[in-house]
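Below is one structure; the comments refer to it alone.
Every chain is numbered from 1, with letters handed out A, B, ... down the list of sequences.
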Protein chains: 2
Amino acid sequence: MAHPALTRQESTTATEAAVRKLKHDIMSGVLAPDSQLKMRELKSRYGIGATPMREALAQLAAEGFVHQRAQKGFRVPPVSIEELIDITKTRQIAEGEAIRLAIEHATEAWEEEIVSSFHVLARAIDHTKAGKKDRDHFEERHHRFHRALISSCPLKSLREFCDDLYVRKTRYRRLLGSYGFTAKEVIGEHRLLMDAVLDRDVPRAQAVIRQHIGITADVIAEVLRAKNPVKVTTEKRKRAKTNAR
Amino acid sequence: MAHPALTRQESTTATEAAVRKLKHDIMSGVLAPDSQLKMRELKSRYGIGATPMREALAQLAAEGFVHQRAQKGFRVPPVSIEELIDITKTRQIAEGEAIRLAIEHATEAWEEEIVSSFHVLARAIDHTKAGKKDRDHFEERHHRFHRALISSCPLKSLREFCDDLYVRKTRYRRLLGSYGFTAKEVIGEHRLLMDAVLDRDVPRAQAVIRQHIGITADVIAEVLRAKNPVKVTTEKRKRAKTNAR
DNA sequence: AAAACGAAAAATATCGATATTTTCTTCCTA
DNA sequence: TAGGAAGAAAATATCGATATTTTTCGTTTT
């Protein structure tokens, strides 16, 4: 049976489980940016064989969560301020359009989901103590709220694009641990968003979302720059036993 | 190169070759929409083992070129008018923004690439006889021209999104074989695009690109509807020996 | 007959071992 | 002593076989 290292949830495939866990480990920074992903380590870490491990890597490579070079294996993508800026500006455009469409196609269910996801988010922010588990807890609710804002946008491709950009940016946010906003400020920011959208004020909603996306990125970029003045790329390292669970 | 089954190009991995060929076969309609992709057949068709085949499928599944269901294997994605419309509208928005940015960041190299890719495209259209090889030839040049239009847009994420939408729409175009435009009309359409962009007239360029994207989609949708009044999804079928080469 | 059951067959998912390529060491040479 | 083969070690990519799950198709039961 399959139980070696980590529990494989029932009715789920080994590949799926590996994708989920590997993605999480990359997003949360457990696996450092630019570090090499060696088959040996991955296999034992996630307790599966080469085939599903490789399949998971291929899938994540296609989504951009890992980089691949023929015959050179896989690595965690590096982070760069340039990419953060690119993601941010693109997201300001895409999400601006998505919010406009969402408001133009407003429904009651959409409003309800915004209100309730905001409530849950605000509560999570208040209770968060920056613990590891808490972080996942917060991120899940934060993601849900942002998805809710544009959920009534009828263009699926556009919604998915926004979601992709959201996720890619989240990686940057998470790699920094906490970043100087108080709970009150964070809640306030999101309340502004909710209010503008629920008022169905398109220009204001667009302005607020653009500002929200921009200000967060600015802070992240600043911290990134401070951490690593010139190159962000992590230095070579023999092993990362520390992270090896 | 690119022979029937085997012939793995040097310095290329088996997986990469499989990805390339499988993607082509799906895009060009050699593998019918909604048909099941059986490992046995795929392995022999592309002349590789299970591991790289599976890896290729996983990669294409992440990009949306094949669908996957746990324990049920892989299939060619179905086509639907709804998806075509979704892609079209989203692309009108995304490409409109990308063209605006491209014009705002115009460079000489950008203009040159537009002019030369247009020239090559026009020539290809004139010479095309709708043969199989010719189709690939035309598509390559058509793709190049559309990439050129937005190549000076500084937002990589946005450019890539446009490209993704372009490719997804191309599948619909290709699945229809030819569709009632004369060579002169097609060239004229693209010349309008080129002129508007080179004049650096943002509103006009946006209008033309939106119209260009929309009109093509309208024609495709019409043909699709005619072909398959109710459901587009292909009927079940035991085997597709015809295609199995 | 329709539903329900249960092997047998087929297809998917996974593993362990092997072939291939890259990287690292060591030793030789100019 | 820097440069560079040559061989060893490590890592990647691939294959063939096996375990697991789904599908098929007679057969039985109501």
Side-chain angles (χ1 to χ4, degrees), chain A residues 1-22 31 34-62 66-76 235-241 243-244, chain B residues 5-22 31 34-62 66-76 235-241 243-244:
Chain A
M1 334 271 172
H3 40 0
L6 298 177
T7 50
R8 181 196 310 176
Q9 288 185 338
E10 75 171 25
S11 90
T12 236
T13 197
T15 300
E16 283 174 43
V19 166
R20 194 159 15 92
K21 291 173 194 157
L22 182 51
L31 297 168
D34 209 49
S35 60
Q36 179 118 20
L37 295 167
K38 305 217 186 86
M39 277 313 272
R40 293 274 292 278
E41 297 179 15
L42 291 175
K43 276 165 55 181
S44 72
R45 168 184 264 259
Y46 300 116
I48 59 176
T51 309
M53 193 65 246
R54 209 140 220 297
E55 207 176 312
L57 285 163
Q59 192 176 315
L60 290 174
V66 309
H67 281 183
Q68 177 173 25
R69 277 174 55 202
Q71 316 287 12
K72 302 288 180 65
F74 302 83
R75 30 182 59 225
V76 181
E235 288 301 303
K236 282 182 188 175
R237 56 185 64 180
K238 290 299 178 187
R239 292 284 161 94
K241 283 283 181 186
N243 295 332
Chain B
L6 311 175
T7 313
R8 180 196 312 175
Q9 287 186 339
E10 75 171 26
S11 91
T12 238
T13 197
T15 301
E16 283 174 41
V19 166
R20 195 162 12 94
K21 291 174 193 159
L22 182 51
L31 297 168
D34 209 48
S35 60
Q36 179 120 21
L37 295 167
K38 305 218 187 87
M39 276 313 273
R40 292 276 291 277
E41 296 180 15
L42 292 175
K43 276 165 55 181
S44 72
R45 167 183 263 257
Y46 300 116
I48 58 175
T51 310
M53 193 66 246
R54 208 140 222 296
E55 207 177 311
L57 285 163
Q59 192 175 315
L60 290 174
V66 310
H67 282 182
Q68 177 173 25
R69 276 173 56 201
Q71 316 288 15
K72 301 287 179 67
F74 302 83
R75 26 184 60 226
V76 181
E235 289 300 304
K236 281 182 187 175
R237 56 184 63 181
K238 289 299 177 187
R239 290 286 162 93
K241 281 282 180 188
N243 295 333

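- Between D/dT12 and B/Thr13, no contact under 4.0 Å exists linking OP1 or OP2 to a side-chain N or O.
- Looking at heavy-atom distances under 4.0 Å, B/Leu42 makes no contact with the nucleic acid at all.
- Distance from the side chain of B/Thr51 is smallest to D/dC15 among C/dC15, C/dT12, D/dC15.
- Taking every side-chain heavy atom of B/Pro52 into account, D/dT14 is the closest of C/dT14, C/dA11, D/dT14.
- Residue A/Gln71 places its side chain closer to C/dT21 than to any other of D/dT14, D/dT22, C/dT21.
- Ranking D/dT14, C/dT14, C/dT21 by closeness to the B/Ala14 side chain, first place goes to D/dT14.
- The residue B/Leu57 sits apart from the nucleic acid: no heavy atom pair falls under 4.0 Å.
- Both A/Lys72 and B/Phe74 lie near DNA chain C, and the one whose nearest nucleotide falls closer to the 5' end is B/Phe74.
- Residues B/Lys43 and B/Glu55 both approach DNA chain D. Their nearest nucleotides, taken by heavy-atom distance, put B/Glu55 toward the 5′ side.
- Residues satisfying the side chain to side chain donor-acceptor pair (under 3.5 Å) test with A/Glu55, not counting sequence neighbours, are B/Arg54.
- The nearest whole Å value for the distance from the CD atom in A/Gln36 to the P atom in C/dT23 is 9 Å.
- Which of C/dT14, D/dA11, C/dA11 sits closest to the side chain of A/Arg40 comes down to D/dA11.
- In this structure, A/Gln68 reaches neither bases nor backbone, as no heavy-atom distance under 4.0 Å exists between it and the strands shown.
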